[in-house]
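What follows is a set of notes on a single structure, which appears directly below.
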Amino acid sequence: MKIATWNVNSIRSRLDHVQTWLKSSEVDLLCVQETKVVDEDFPRSVFTDLGYHTYISGQKSYNGVALISRSPLEAVNTGFAAVVGDEAADYEAQKRVISGVLNGVRVVNLYVPNGSDLSSDKYEYKLGWLGVLRNYLKTLQTDHAEILVCGDFNIAPEDRDIYDPKGKETHIMSSPPEREALQRSIFDLGFSDACRQFHEDGQFTWWDYRTAGFQRNRGWRIDHHYLSEGLRDRLQSCAVDAEPRGWEKPSDHAPVVVELA
DNA sequence: ATGGCGTTAGAGTAACGA
């Protein structure tokens, strides 16, 4: 089965791209971030007409996540609080988490806060959010042997995931505290980076709209698939599809696809 | 050093993203 993650930067602005890409990529499940739309305005029928089941958690203007699946998903839930309860109360307003079970695999679709810059309140929010993520995933692990955590993490795990890492220790998405939080919330729980099973470097997933970032391949790898131990042996491929980034009026992110046996 | 581009909201800019 093929599972993709893609930050579309507004599902309504990217509707044509998402439809076109769904048809050509033939993924079983597409995990979308930054839908930027309240649930009642989500363009559901477009995907229903294409034969997909849609599960959404959105809000006005910002954030928003969705699961678009060929088969119905089981046990879908949204937000951290559905799993960890009151501890996540401060993080429920922003819609950044949706999860469902496909063929026995619990798939978690995340839109990790950006953080703005290191002196911002949003940076503290990002680190706090990642702390709750750890408990959320630990709790899921008690019920599910096989978990895939994917999404826009807004963190480049290592310097080789940035086109030019010079000076990036004070930069959002690559500062040491963010990387340490990723270590605690993902790698310390036994998850592994699907991309690293196939690629040593490159594989950028985001290029800045400004300064012709894509044309000059000034990219960052910040969208990821993380696999529980049992899924590692089933991983057939992990690849960025940079093509839609070159289309007219693109999202600034490209989709990343994993194939599991 | 700053802003650069794109989206949303909503009517001129401002917030936000990364």
Side-chain angles (χ1 to χ4, degrees), chain A residues 5-18 21 31-43 46 56-66 91 93-97 109-130 133 150-179 181-182 195 202-224 240 242 244-256:
Chain A
T5 178
W6 192 7
N7 179 323
V8 296
N9 186 16
S10 170
I11 190 74
R12 291 179 292 185
S13 290
R14 226 62 60 200
L15 208 43
D16 286 348
H17 286 201
V18 175
W21 190 79
C31 301
V32 170
Q33 304 89 34
E34 280 211 273
T35 55
K36 295 188 172 180
V37 64
V38 292
D39 292 353
E40 46 269 41
D41 293 337
F42 191 97
V46 168
I56 57 185
S57 179
Q59 67 182 88
K60 189 177 175 180
S61 305
Y62 306 119
N63 310 315
V65 284
Y91 298 94
Q94 299 187 15
K95 306 306 182 189
R96 299 176 176 277
V97 180
N109 174 18
L110 302 176
Y111 176 44
V112 178
N114 168 274
S116 192
D117 67 69
L118 275 58
S119 62
S120 168
D121 290 347
K122 297 190 184 74
Y123 185 72
E124 296 306 315
Y125 183 88
K126 182 180 195 174
L127 297 177
W129 193 96
L130 288 164
L133 174 64
C150 69
D152 175 1
F153 281 74
N154 275 316
I155 299 172
E158 300 176 75
D159 283 353
R160 56 179 161 161
D161 298 313
I162 312 172
Y163 73 95
D164 177 10
K166 284 196 289 291
K168 293 298 189 292
E169 50 285 321
T170 55
H171 195 290
I172 199 66
M173 303 191 292
S174 55
S175 69
E178 295 170 72
R179 287 176 170 174
L182 186 68
C195 181
Q203 297 294 302
F204 300 143
T205 67
W206 173 83
W207 300 261
D208 203 318
Y209 283 126
R210 300 164 292 188
T211 64
F214 184 62
Q215 287 76 5
R216 298 152 80 182
N217 199 26
R218 295 175 159 221
W220 292 59
R221 191 174 74 92
I222 56 175
D223 300 83
H224 308 294
V240 178
R245 184 64 180 80
W247 294 346
E248 198 176 335
K249 286 194 152 285
S251 167
D252 43 357
H253 296 251
V256 188

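Across B:dG6 and B:dG10, the matching P atoms stand 23 Å from one another, rounded to whole Å. When the P atom is compared between B:dA15 and B:dA1, the two are found 23 Å apart, to the nearest whole Å. Between B:dA11 and B:dC5, the two P atoms lie 25 Å apart (nearest whole Å). Between B:dG3 and B:dA14, the two P atoms lie 13 Å apart (nearest whole Å). Spacing of P atoms, B:dG12 relative to B:dT2, comes out at 30 Å, to the nearest Å.
Contacts of A:Asp208 classified as salt bridge (charged side-chain N to carboxylate O under 4.0 Å, His left out), with partners at least two apart in sequence or in another chain: A:Arg210. Taking the side-chain contact (heavy atoms from CB on, under 4.5 Å) definition, one finds that A:Pro250 meets it with A:His17, A:Arg245, sequence neighbours left out. Residues forming a salt bridge (charged side-chain N to carboxylate O under 4.0 Å, His left out) with A:Asp159 (at least two apart in sequence, or on another chain): A:Arg179.
Aromatic ring orientation, A:His224 versus A:Phe153: tilted (interplanar angle from 30° to 60°).
Using a 4.0 Å heavy-atom criterion, one finds that A:Asp152 contacts the sugar-phosphate atoms exclusively. Residue A:Arg218 is classed as having no contact, given no heavy-atom separation below 4.0 Å to the nucleic acid. Across all strands, A:Thr211 comes closer than 4.0 Å to base atoms (heavy-atom distances). Contact annotation for A:Asn7: backbone-only contact, meaning every heavy-atom pair under 4.0 Å involves sugar-phosphate atoms and none involves a base.
Among residues at least two apart or in separate chains, salt bridge (Lys or Arg N to Asp or Glu O under 4.0 Å) pairs with a member in residues 165-177 of chain A are A:Asp164-A:Lys166.
Using a 4.5 Å cut-off on side-chain heavy atoms (C-beta onward), A:Pro165 and A:Ser174 make no contact. A:Pro113 places a side-chain heavy atom less than 4.5 Å from the side chain of A:Arg96.
DNA chain B is contacted by both A:Tyr209 and A:Arg12; A:Tyr209 maps to the nucleotide lying nearer its 5′ end (nearest heavy atom per residue).
In this structure a side-chain-to-backbone donor-acceptor pair under 3.5 Å is missing from A:His253 to A:Thr5.
Side chains of A:Asp161 and A:Trp220: a donor-acceptor N/O pair is absent below 3.5 angstrom, by distance only.
On the nucleic acid side, DNA chain B has its first and last nucleotide under 4.0 Å of a heavy atom of chain A at B:dG4 to B:dA18, going 5' to 3'.
Sorted by residue number, the members of residues 111-121 of chain A with any non-hydrogen atom under 4.0 Å from DNA chain B read A:Tyr111, A:Asn114.
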